[in-house]
Amino acid sequence: MRSWSAPKVPRLPGVGAPLRLFDTAAGEVGPTQPGPTAGMYVCGITPYDATHLGHANTYLAFDLVNRVWRDAGHEVHFTQNATDVDDPLLERAEQTGQDWRELAEREIELFRTDMEALRILPPREYVGVTEVVDRVAELIELLQDKGATYDLDGDVYFDVAAAPKFGAVSGYSEEQMLELFGQRGGDPERPGKKHPLDWLLWRAERPGEPSWPSRFGPGRPGWHIECTAIALANLGSGFDVAGGGSDLIFPHHECGAHEGHVACGEWPFAKAYVHAGMVALNGEKMSKSKGNLVFVSRLRRETDPMAIRLALLAHHYRSDWEWTADQLASAEVRLARWRSAVALPAGPEAESVLTGLRSRMADDLDAPGALALVDAWAERALAAAGTDPEAPALVRDVVDALLGVEL
Ligand code: 5CA
Ligand code: ZN
């Protein structure tokens, strides 16, 4: 599918620091060690209600990864999917009497516009699952050839017993896994499964549901295998970062990692599993199923998208937090102060802003720490404490390149 258009990223003097990130599988912050080209797969939306602030927060986190890598001299190969056929999308289309394809297309288009407005760097490949069903089916065939699957009334399951490292991504106990599996699209109680955690790879056609032909008969892909297939096809096994919100740790990224492992015989499938925290509204995770959503497209009608970006950047990407309207008001004040400061004919020296932001962002994306450094510089600048005519332009470029905020 079409991706969205890229914002310009200014080149900064010198080279940025190597990025360290919290890897869920390792349970700690460690160095990312990409080659000349860093590979990143970020799970995309299920397009039936786009784009809420939780989505925006997650995609912003990985946009920061992208920017810090680029500043450190890497090319970034970034791939993203759109889950454009899945139960919740089909259910929503049915409830509202829409064609599921039209619903998906419309929400994906809105998502593109929102991402562009927020200055999120676009993926090199933006892939709808419906575009690659054949490829997904081929990967399931490969898993079948390796003896990792079984048939249940025409549906194909991954046999968790074939995944020797199961649990290595999430580190969760079997009890936690069982609970989350049921809550997040799994079917632990389906009779006839070999193990409650076995997951669906191919869902045989049900009356009234879309289907594609395959060696397993007509049907459609299960959820986890779609991302594994799209990541493998574009990035290969062993890419640098697999990302999404923390609600994807289990089962989605756990299952995907083992599909990749069994299919390719290589571990790990992704070198790091990186997760953004959850954004809540009124005490509950913002989610399409609960309907407690604040849409980026609505906020954009009221405010500058750069203020939305700044409001999100005020939280560390890994923390869970709750959205309140006053955060947008504070971000608007901050944006106005920064813009006034970089519009001055001179300012205090800004080399320390460049090195300070590089160091904060390379340290597991400490955006709040980065904002504090720019605040301090802007305060000095607005107090007329500087004489360097180059400083305002440098700060403008640093804030643009590393934080993605256009001043
Ligand atoms: N299509 C799948 C991934 S393959 C999916 O989870 N789609 S989604 O539309 O539900 O979510 C898209 C991305 O936004 C995921 O990375 C998810 O983890 C993240 N996300 C969803 N809700 C929130 C939230 N409240 N806060 C932060 N991130 C969220
Ligand atoms: Zn995914």
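Atoms within each ligand, like the ligands themselves, are counted from 1 in listed order. The figures here come from the full heavy-atom set of this structure, side chains too, leaving out hydrogens, waters and symmetry mates. None of the values given here were measured: they were computed from a predicted structure.
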Please verify whether a non-hydrogen atom of [X] lies at under 4.0 Å from ligand 1.
X: Gly277; answer: yes
X: His275; answer: no
X: Thr46; answer: yes

Query - Option passing side-chain contact (heavy atoms from CB on, under 4.5 Å) with Asn234 (candidates Glu125, Gln80, Arg124) - result: Glu125

Look at [atom] and say which protein heavy atom is nearest, naming residue and atom and giving the distance to 0.1 Å.
atom: atom 17 (C) of ligand 1; answer: Asp247 OD1, 3.5 Å
atom: atom 25 (N) of ligand 1; answer: Met286 O, 2.8 Å
atom: atom 12 (C) of ligand 1; answer: Tyr59 OH, 3.3 Å
atom: atom 4 (S) of ligand 1; answer: Trp223 NE1, 3.2 Å
atom: atom 9 (O) of ligand 1; answer: Lys288 NZ, 2.5 Å
atom: atom 2 (C) of ligand 1; answer: Gly44 O, 3.3 Å
atom: atom 14 (O) of ligand 1; answer: His55 CD2, 3.3 Å
atom: atom 16 (O) of ligand 1; answer: Gly245 N, 3.1 Å

Report task. Please find out if the Zn ion (ligand 2) and some N, O or S atom of His253 are separated by less than 2.8 Å. Result -> no

**Report entry** Metal site the Zn ion (ligand 2): N/O/S of His252 inside 2.8 Å
**Finding:** yes

Is the ring pair [X]/[Y] parallel, tilted or perpendicular, if the boundaries are 30 and 60 degrees?
X: Trp4; Y: Phe111; answer: perpendicular
X: Phe158; Y: Trp199; answer: parallel
X: His252; Y: Trp223; answer: parallel
X: Phe166; Y: Phe250; answer: perpendicular

Query - Residue Glu379 excluded, over 12 heavy atoms near CD under 6.0 Å - result: no

**Report entry** Derivation of the salt bridge (charged side-chain N to carboxylate O under 4.0 Å, His left out) call for Arg203 and Asp187
**Finding:** CA-CA 12 Å; Arg203 178 177 158 90; Asp187 53 1; over 6 Å; no

Requested in this report: Would you sort out whether Tyr41 and Phe78 count as a ring pair (Phe, Tyr, Trp, His ring centres under 6.0 Å), showing the intermediate values?
Outcome: CA-CA 6 Å; Tyr41 183 86; Phe78 166 31; 8.6 Å; no

**Report entry** Heteroatom proximity flag, Thr83 to ligand 1, N/O under 3.5 Å
**Finding:** yes

Report task. Could you tell me whether His252 and ligand 1 have an N or O pair separated by under 3.5 Å? Result -> no

Need the ligand 1 atom indices (1-based, order shown) with element for anything under 4.0 Å from a heavy-atom of [X].
X: Lys285; answer: 22 (N), 25 (N)
X: Cys43; answer: 3 (C), 4 (S), 16 (O)
X: Gly244; answer: 16 (O)
X: Cys227; answer: 4 (S)

Tell me the contacting part of [X] for ligand 1: side chain, backbone, both, or neither, using a 4.0 Å heavy-atom threshold, strictly below.
X: Leu248; answer: side chain
X: Asn81; answer: side chain
X: Val279; answer: both
X: Ile45; answer: both

**Report entry** Passing option when Asp247 is tested against Gln183, Lys285, Arg184 for side-chain hydrogen bond (donor to acceptor under 3.5 Å, both in side chains)
**Finding:** Lys285

Query raised in the report: Considering only heavy atoms, which of Gly54, Ala56, Gly243, Ala280 lies nearest to atom 27 (C) of ligand 1?
Result: Gly54

Query - Proximity winner for atom 28 (N) of ligand 1, if only heavy atoms of Asp320, Val42, Leu312, Thr58 are counted - result: Thr58

What I want to find out is whether [X] reaches [Y] closely enough, with some N-O distance under 4.0 Å, to be called a salt bridge.
X: Arg112; Y: Glu107; result: no
X: Asp63; Y: Arg309; result: yes
X: Lys271; Y: Asp23; result: no
X: Asp87; Y: Arg92; result: no

Query raised in the report: Is a side-chain N or O of Asp159 found less than 3.5 angstrom from the main chain of Thr149, in a donor-acceptor match?
Result: no

Report summary line: What one should report as the nearest heavy-atom pair of His275 and Leu248 is NE2-C, 4.4 Å

